[in-house]
There are 2 protein chains.
Amino acid sequence: MNDSETKPKTRSAKRRTRSGGRAANTARRGGELFKQSPWRIPVNQDPPIEPLPEEGVEAIHDGAMKILENIGIEFLNEEAQELFAKAGCRVEGSNVRMDREWVMEMVRKAPSRFTITPRNEEREIIIGDRHILFGNVSSPPNYYDLDLGKKVPGTREQCANLIKLSHYFNCIHMIGGYPVEPVDLHPSIRHLDVLFDKLTLSDKVCHAYALGKERVEDVMEMVKIAGGLSEEEFQSKPHLYTNINSTSPLKHDHPMIDGSLRMIRRGQAVFVTPFTLAGAMAPVTITGAVTLSIAEALSAIALFQHVQPGCACVIGTFTSNVDMKSGAPAFGTPEYMRATQITGQMARFYGIPMRASGVCTANVPDGQSIWETSNSLWSAVQSGTHVVYHAAGWLEGGLIACPEKFIMDCEILQMIQRYMEPEVWDASPESIALDAIKEVGSSGHYFGIQHTQDRYMSAFYEPFVSDWRNFEAWEAVGSIWTAKRANQLYQEILERFEAPPLPSDRLEALTDFVARRKSEGGAPTDF
Amino acid sequence: MNDSETKPKTRSAKRRTRSGGRAANTARRGGELFKQSPWRIPVNQDPPIEPLPEEGVEAIHDGAMKILENIGIEFLNEEAQELFAKAGCRVEGSNVRMDREWVMEMVRKAPSRFTITPRNEEREIIIGDRHILFGNVSSPPNYYDLDLGKKVPGTREQCANLIKLSHYFNCIHMIGGYPVEPVDLHPSIRHLDVLFDKLTLSDKVCHAYALGKERVEDVMEMVKIAGGLSEEEFQSKPHLYTNINSTSPLKHDHPMIDGSLRMIRRGQAVFVTPFTLAGAMAPVTITGAVTLSIAEALSAIALFQHVQPGCACVIGTFTSNVDMKSGAPAFGTPEYMRATQITGQMARFYGIPMRASGVCTANVPDGQSIWETSNSLWSAVQSGTHVVYHAAGWLEGGLIACPEKFIMDCEILQMIQRYMEPEVWDASPESIALDAIKEVGSSGHYFGIQHTQDRYMSAFYEPFVSDWRNFEAWEAVGSIWTAKRANQLYQEILERFEAPPLPSDRLEALTDFVARRKSEGGAPTDF
């Protein structure tokens with residue numbers, strides 16, 4: 001950076017100097033596209049918003065326990081049924097009922113904090129305490145970008161591009177499931193190709209889908225290879241995670257429980273996230289939907305703690321509401337926000353880390369998508385969420401992944417992470433700055449004084465897709481709306497993308513593993 | 001509404017029935033454009049976020065008091081200087097220094113809660129307690145809408161249209177200053193025409209600009225006439241308010257203090273809002289900028305309480321930061337959010353109601369405008385703000401008023417107000433709904449059951465500009481992005497607008513008053 005770019009100027013001066021636009025800025029910076037926020041494991045400084053009084057928390061807990069005791073949960077997994085039976089639970093066919101004392105004894109074994117360590121140990125994440133982490137959009141079957149201008153089934157190339165964006169942005173801490181489902185890859189080998197891309201294009205924490213034993217085992221093997229780990233090292237602590245959903249109401253399916261058991265038995269982490277849509281798969285009332293969600297989540301977590309005491313579990317929330325008029329799901333609503341906050345209360349009650357999401361109903365990266373996403377992201381902050389899934393790139397209730405939305409969401413995520421830095425509200429005498437106030441008095445301004453000069457470089461959040469030029473300057477460079485700016489940016493990021501280093505022997509071993517497993521036919525596709 | 005429109009359906013069913021789009025919905029509703037949220041004085045249920053520990057609050061208070069004691073504030077108003085001198089403050093020219101004991105004695109006289117009663121008493125607002133109110137954008141010199149596609153100086157027609165929108169939406173509680181400056185009206189008579197429009201197009205609480213005695217006196221007279229009030233009735237409680245800004249750093253100008261004194265002496269309310277832009281007119285540090293803001297605000301409030309003990313005052317915040325690269329103001333930033341929260345802590349420390357804003361830097365109603373506005377609105381909620389100015393329609397740092405942005409902001413405001421309704425998180429046995437959970441079990445869904453049928457009509461927030469259709473249905477009705485939908489909506493609202501009733505004698509008296517004052521030349525324009 002040179003002085004003429006960074007020195008504070010009066011408003012009128014700015015209007016002259018910035019007319020070159022972002023492209024000119026880029027050039028001046030000698031190749032660096034923009035200054036993004038640093039990698040950090042943010043500490044959520046805000047106390048959680050807790051809509052429910054203590055009796056409300058007790059009421060949801062009591063409701064969830066009554067569900068587990070009297071109604072039961074369907075576990076469509078014979079191994080799980082046997083494990084529950086041996087533990088003394090009442091198993092009738094697939095229905096499993098369990099006493100609250102046993103459930104709570106198991107739940108208490110779950111750690112309130114754990115780490116997940118990817119192949120780059122500097123990108124280790126801490127889940128728990130007051131940390132809050134963000135992951136990219138996961139699992140949309142479709143893709144949309146402004147150049148296409150339409151919704152299309154996802155491809156490996158689009159998937160890889162979104163992995164690159166996930167790796168590029170420091171505000172994204174972990175790679176979720178496939179950021180878009182690469183429908184051009186056969187389901188039997190899809191996990192091999194995408195995990196190869198994930199592990200070579202990024203060195204952040206990875207995810208495995210719990211969809212049949214081969215997929216989970218393959219992905220664990222690939223993470224082990226990419227990390228250069230022995231089996232003992234791999235099992236010593238979490239190196240990846242899976243996220244499972246119950247089939248609400250009151251059901252866990254076979255492959256998700258199977259995959260989770262395989263993961264926890266080798267020391268890996270499991271997020272359990274019921275999808276309880278109030279008014280559809282769950283009661284139309286928010287506390288009712290949360291009660292159902294808690295019962296479903298705890299039933300699986302209790303099983304996992306019984307099998308592997310102390311294993312790393314996260315309690316997820318995906319409680320939202322339907323559109324009253326149509327029955328279709330809606331996200332980022334006021335009810336969604338309160339459901340997330342209430343789930344936060346429950347997760348703290350059980351002492352288990354929590355997962356929420358960055359979500360919207362909107363179909364394109366427009367104003368609606370941002371108010372819905374902002375609502376959901378701020379409710380994650382307000383609820384004491386530890387992991388925010390789908391935090392960048394999500395559209396259409398999770399049916400579309402979008403690179404422009406990804407870029408726009410990253411601006412919001414960077415702002416949220418800056419918002420959590422205590423230096424913003426430092427109240428030391430140097431920050432309260434009486435000497436500077438006296439120096440400037442009532443007739444000057446603060447641009448040029450030493451107190452400002454010493455601090456302005458890092459005093460404020462610096463955006464990368466927000467355009468802070470005035471209307472005339474913004475007009476002079478083409479009147480570009482946010483989504484279009486995001487379109488330009490994601491393409492520039494992809495053009496300049498450099499994959500993180502991976503030792504050649506590991507790359508070779510990964511390549512060989514993928515080739516061998518493909519030659520063996522990959523994974524069955526009868527799930 | 002008929003059954004086929006409102007009965008909960010499965011997702012696939014919805015995709016068929018909603019293809020008629022919003023226009024079809026409108027037609028079915030027999031002329032009602034959409035169902036907007038009811039008028040209510042929201043109660044902010046969330047405890048405020050308080051970044052500063054008690055020592056931090058004390059440090060800012062001590063800093064503000066030291067400014068008032070040792071540096072002083074410039075009051076460019078001779079009457080104020082005389083009043084301060086008589087009160088025992090140290091007045092040297094325009095510089096006024098005041099002891100903290102005196103300041104705090106005066107500040108303690110300010111009520112923590114008051115009402116403002118417009119001509120329609122059902123639209124009375126309560127400022128204080130845990131209420132939060134929202135007002136429209138005020139004072140931009142320019143206007144932008146999608147049809148124009150450019151920024152133009154404001155006109156009376158645009159101003160009246162924005163007044164109509166402000167009246168139409170129940171989520172807007174009060175009319176701020178001119179929602180756009182009508183530059184086609186001569187400044188000498190502008191206040192007469194705009195207040196005539198305000199008082200005939202709306203029956204909500206009005207505002208007077210403190211710009212010379214004639215304007216304030218004229219507006220008070222017009223509010224009195226429109227309300228059919230005697231002078232005694234008018235003075236018995238606040239019926240309108242003014243908002244003044246200090247000229248930071250450390251200065252109050254003549255007309256704003258003059259207008260405020262005229263207002264409080266007749267029982268009306270004054271908001272005092274310094275504009276302390278960190279790094280420009282205030283220290284580059286957030287706590288420094290807030291300290292300056294508090295000193296400036298308290299100096300005026302102390303004067304007003306000295307002159308009229310117990311008069312209705314609000315402490316405003318307009319602390320944001322500059323763009324580090326250009327020195328231009330930025331809004332809705334992480335630093336803005338923390339400044340607002342910290343000002344909330346200070347306002348509670350002094351026991352005075354607080355004003356904040358809904359603001360953004362963006363030039364058009366795009367994604368950026370919404371994340372900046374969402375950040376600022378949520379920080380208002382988080383800070384315990386009582387009045388949120390500029391909450392609908394603001395663009396370009398306050399230089400542009402925009403009807404599409406107005407519509408979009410109203411969706412956010414409706415969601416915030418719904419978010420505050422305790423029924424959302426009701427945890428009674430009926431809401432936790434164990435019977436319904438048992439009834440549905442693990443194989444059904446909740447659409448058809450009685451528990452849902454009894455509640456679905458009002459269970460969830462219903463949007464009016466958000467489009468919750470899936471991509472294909474949204475595409476089938478034209479792939480319309482949010483801003484364009486807002487464009488259609490604001491025009492439909494204006495087409496159907498009906499002004500609230502005003503007794504003909506009062507209308508006649510208002511008309512006569514405006515005519516007389518115009519014939520007298522209106523107000524001087526030498527301010």
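First the proteins, then the strands, lettered A, B, ... as listed; each starts at 1. Excluded from the calculations below are hydrogen atoms, water molecules and symmetry mates; all remaining heavy atoms, backbone and side chain alike, are included.
- Comparing B/Asn321, B/Ile71, B/Thr291 by how many heavy-atom pairs each has under 4.5 Å with chain A, the most go to B/Asn321.
- Chain B forms more heavy-atom pairs under 4.5 Å with one residue of A/Ala486, A/Gly63, A/Ser369, A/Gly56 than with any other, namely A/Gly63.
- Counting heavy-atom pairs closer than 4.5 Å to chain A, the top residue among B/Ala280, B/Ala459, B/Ser458 is B/Ala280.
- Distance alone, capped at 3.5 Å, is enough to place a donor-acceptor pair between the A/Asn363 side chain and the B/Arg469 backbone.
- The OG atom of A/Ser374 lies 10.5 Å from the CD atom of B/Glu372; values are rounded to the nearest 0.5 Å.
- Between chain A and the options B/Ala278, B/Gly367, B/Ala436, B/Ala433, heavy-atom pairs under 4.5 Å are most frequent for B/Gly367.
- Residue A/Lys251 touches chain B through its side chain alone, counting heavy-atom pairs closer than 4.5 Å.
- Residues A/Gly279 and B/Phe447 approach most closely at O-CD2, 3.3 Å, considering heavy atoms.
- Counting non-hydrogen atoms of other residues, nucleotides and ligands closer than 6.0 Å to CG of A/Asn70 gives a total above 12.
- Using a 4.5 Å cut-off between heavy atoms, B/Ile73 makes no contact with chain A at all.
- Few gaps surround CG on A/Asp454; more than 12 heavy atoms of other groups in view lie less than 6.0 Å from it.
- Here the CZ-OG1 distance, from A/Phe460 to B/Thr285, works out to 8.0 Å after rounding to the nearest 0.5 Å.
- Heavy-atom distances place both the backbone and the side chain of B/Val424 under 4.5 Å from chain A.
- Residue contact with chain A, scored on non-hydrogen atoms closer than 4.5 Å, involves the backbone and the side chain of B/Met415 alike.
- Heavy-atom distances place the side chain of B/Gln382, and not its backbone, under 4.5 Å from chain A.
- Annotation: maximal heavy-atom pairing with chain A below 4.5 Å, among B/Ile412, B/Thr333, B/Thr247, occurs at B/Ile412.
- Heavy-atom pairs under 4.5 Å with chain B peak, among A/Ser428, A/Ser466, A/Ala59, at A/Ser466.
- For the atom pair A/Asn142 CG and B/Phe471 CZ, the distance stands at 9.0 Å (nearest 0.5 Å).
- A donor and an acceptor atom, one from each side chain of B/Thr373 and A/Trp371, are nowhere located under 3.5 Å apart.
- By number of non-hydrogen pairs under 4.5 angstrom with chain B, the leading residue of A/Glu335, A/Lys66, A/Arg455 is A/Glu335.
- In terms of heavy-atom pairs under 4.5 angstrom with chain B, the leader among A/Ile49, A/Ile342, A/Val57 is A/Ile49.
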Apply side-chain contact (heavy atoms from CB on, under 4.5 Å) to the pair A/Gln341 and B/Tyr419, showing each step before the final yes or no.
-> CA-CA 11 Å; A/Gln341 293 169 354; B/Tyr419 165 89; 2.8 Å; yes

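- A salt bridge does not link B/Glu475 with A/Lys151: none of the charged nitrogens is closer than 4.0 Å to a carboxylate oxygen.
- Comparing A/Ala483, A/Pro365, A/Ala64 by heavy-atom pairs within less than 4.5 Å of chain B, the highest count is held by A/Pro365.
- By the 4.5 Å heavy-atom criterion applied to side chains, B/Tyr446 and A/Leu277 are not counted as neighbours.
- To the nearest 0.5 Å, atoms CD1 (A/Ile437) and CD1 (B/Ile67) are separated by 3.5 Å.
- A/Ile416 CD1 to B/Met337 CE: the interatomic distance, rounded to the nearest 0.5 Å, is 8.0 Å.
- Between the CH2 atom in B/Trp468 and the CZ atom in A/Phe331 there is a gap of 10.5 Å [rounded to 0.5 Å].
- With a 4.5 Å cut-off on side-chain heavy atoms, A/Trp378 and B/Asn375 count as touching.
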Given A/Glu50 and B/Trp425, is the side chain to side chain donor-acceptor pair (under 3.5 Å) satisfied, shown in steps?
-> CA-CA 10 Å; A/Glu50 305 204 314; B/Trp425 60 92; over 6 Å; no

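- Only the side chain of A/Glu411 comes within less than 4.5 Å of a heavy atom of chain B; its backbone N, CA, C and O stay farther away.
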Take A/Ile60 and B/Ile432 through the side-chain contact (heavy atoms from CB on, under 4.5 Å) test and state the conclusion after the steps.
-> CA-CA 7 Å; A/Ile60 289 185; B/Ile432 290 190; 3.9 Å; yes

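- Listed for the B/Thr287 side chain is a donor-acceptor partner under 3.5 Å among the backbone atoms of A/Asp426.
- Using a cut-off of 4.0 Å between Lys/Arg side-chain N and Asp/Glu carboxylate O, A/Arg338 and B/Asp46 are scored as salt-bridged.
- Of all the listed residues (B/Ser442, B/Gly288, B/Ala427), the one sharing the greatest number of non-hydrogen pairs under 4.5 Å with chain A is B/Ser442.
- Among B/Ser443, B/Pro47, B/Ala282, B/Pro422, the residue with the largest count of heavy-atom pairs under 4.5 Å with chain A is B/Ala282.
- With hydrogens and angles disregarded, a donor-acceptor distance shorter than 3.5 Å links the side chain of A/Thr482 to the backbone of B/Gln368.
- The main-chain N or O of A/Trp481 is never found under 3.5 Å from a side-chain atom of B/Asp366 such that the two would form a donor-acceptor pair.
- Between chain B and the residues A/Lys150, A/Glu74, A/Gln414, the most heavy-atom pairs under 4.5 angstrom are made by A/Glu74.
- No donor-acceptor pair under 3.5 Å is formed between the side chain of B/Gln45 and the backbone N or O of A/Pro51.
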